[in-house]
Engineer: 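Handing you a structure now.
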Number of protein chains: 2
Amino acid sequence: MEIEGAFGLVLKERRQAVGLSQLELANRSGLDRTFISMLERGQRRPTLNTIFSLAKELGVSPSGFVKEVEKYIAKNE
Amino acid sequence: MEIEGAFGLVLKERRQAVGLSQLELANRSGLDRTFISMLERGQRRPTLNTIFSLAKELGVSPSGFVKEVEKYIAKNE
DNA sequence: TTGTAGACTAACGTCGACA
DNA sequence: CTGTCGACGTTAGTCTACA
């Protein structure tokens, strides 16, 4: 499984778990809503700074976030 | 401390610990040597995919790599 | 609420050359 | 071995708008 695809799924999963809409997450993280939409669909690759911004609002550490991505990739080899 | 600065220092530290030159790391990771130079100096922000490529050659998981960055930032607040 | 489209700016990442 | 420079193509990330 490709990295950006796994990242998108983990992002969507965590965002919904926290109960935020894409718009709310966008406003809080200082990112654009349409960009978050593309991230969730695996159409964009986030920089490290973007990962930090998103993780903060999702109540997880950046490394914890990345770890979930790794697991997702490993699970779907 | 800024994210990219911390990332650069951790990258340099781990690369030297593994005993690779920037050129060797570049060749193995499929990235450009001058880009790695800029990363180490905190002048570029890596994407998630770049982090995965580098971590693989440095013998650490991507999340472990990011965790070191977090620690570095926390230590120097 | 989310996806998509287009147009845009800034930055990522490559490459060759030289100190 | 590493930093830097300039030039370049590609993509991250913004913004407005509409279904």
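Keep in mind that this is a model prediction, so the values were computed, not measured.
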Engineer: Between protein and nucleic acid, restricted to nucleotides 7-10 of chain C and to nitrogen or oxygen atoms under 3.5 Å apart, what atom pairs and distances do you find?
Structural biologist:
none

Engineer: Looking at Arg41(A), I'd like to know whether one of its side-chain N or O atoms comes within less than 4.0 Å of OP1 or OP2 on dT2(C).
Structural biologist: no

Engineer: May I have the list of side-chain donor-acceptor pairs in residues 59-70 of chain A shorter than 3.5 Å, sequence neighbours left out?
Structural biologist:
residue  : atom : partner  : partner atom : Å
Ser61(A) : OG   : Ser63(A) : OG           : 3.3
Ser61(A) : OG   : Gly64(A) : N            : 2.9
Ser63(A) : OG   : Glu70(B) : OE2          : 2.8
Glu68(A) : OE2  : Arg14(A) : NH1          : 3.3
Glu70(A) : OE2  : Ser63(B) : N            : 2.5
Glu70(A) : OE2  : Ser63(B) : OG           : 2.8

Engineer: Would Leu58(B) and Met38(B) show up in the same hydrophobic cluster when neighbours are defined by side-chain heavy atoms closer than 4.5 Å?
Structural biologist: no

Engineer: Which atom names give the shortest non-hydrogen contact between Leu9(B) and Met1(B), and what distance separates them?
Structural biologist: CD1-CE, 3.5 Å

Engineer: Following the transitive rule for hydrophobic clusters with a side-chain heavy-atom cut-off under 4.5 Å over Ile, Leu, Val, Met, Phe, Trp and Tyr, establish whether Leu54(B) and Val18(B) coincide in one cluster.
Structural biologist: yes

Engineer: Between dC1(D), dT4(C), dT4(D), spot the one nearest the side chain of Gln43(A), thanks.
Structural biologist: dT4(C)

Engineer: Between Gln16(B) and Glu13(B) (side chain of the first, backbone of the second, donor and acceptor by atom type, cut-off under 3.5 Å), is there such a pair?
Structural biologist: no

Engineer: Whole angstroms only, please: what is the CG-P distance between Leu20(B) and dC1(D)?
Structural biologist: 11 Å

Engineer: In this structure, how many angstroms lie between the P atom of dT14(D) and the CG atom of Leu25(A), rounded?
Structural biologist: 12 Å

Engineer: Distance only, no hydrogens: is a donor on one side chain within 3.5 Å (strictly under) of an acceptor on the other, for Asn49(B) and Thr47(B)?
Structural biologist: no

Engineer: Whole-Å distance between dT2(C) P and Asn27(A) CG?
Structural biologist: 12 Å

Engineer: Indicate yes or no: does Glu57(A) engage Arg28(A) in a salt bridge with an N to O separation below 4.0 Å.
Structural biologist: no

Engineer: Taking the side chain of Arg45(A) as its heavy atoms from C-beta onward, which of dG3(C), dA12(D), dT1(C) lies nearest to it?
Structural biologist: dA12(D)

Engineer: What is the minimum heavy-atom distance between Gln22(A) and Ser37(A), and which atoms define it?
Structural biologist: OE1-CB, 3.6 Å

Engineer: Side chain of Ser37(B): nearest nucleotide among dT1(C), dT4(D), dG13(D)?
Structural biologist: dT4(D)

Engineer: Quickly work out the Met38(B) CE to dT14(C) C1' distance and round it to whole Å.
Structural biologist: 12 Å

Engineer: Return the value, rounded to whole Å, for the distance between atom CZ of Phe35(A) and atom P of dT16(D).
Structural biologist: 17 Å

Engineer: Is the closest basic N to carboxylate O distance between Arg15(B) and Glu40(B) below 4.0 Å?
Structural biologist: yes

Engineer: Output the rounded distance in Å from CG (Leu23(B)) to P (dT14(C)).
Structural biologist: 13 Å

Engineer: When you compare the protein's N or O atoms with those of nucleotides 15-19 of chain C, which come within less than 3.5 Å of each other, and at what distance?
Structural biologist:
residue : atom : partner  : partner atom : Å
dC15(C) : N4   : Thr34(B) : OG1          : 3.2

Engineer: OP1 or OP2 of dC12(C) less than 4.0 angstrom from a side-chain nitrogen or oxygen of Thr47(B), does that happen here?
Structural biologist: no

Engineer: Looking only at side-chain N and O atoms, does Gln22(A) come under 4.0 Å of OP1 or OP2 in dG3(C)?
Structural biologist: yes

Engineer: Give the rounded distance in Å between these two atoms: NZ of Lys12(A) and C1' of dT2(C).
Structural biologist: 9 Å

Engineer: Please report the distance, rounded to the nearest Å, between CG in Leu31(B) and C1' in dC12(C).
Structural biologist: 11 Å

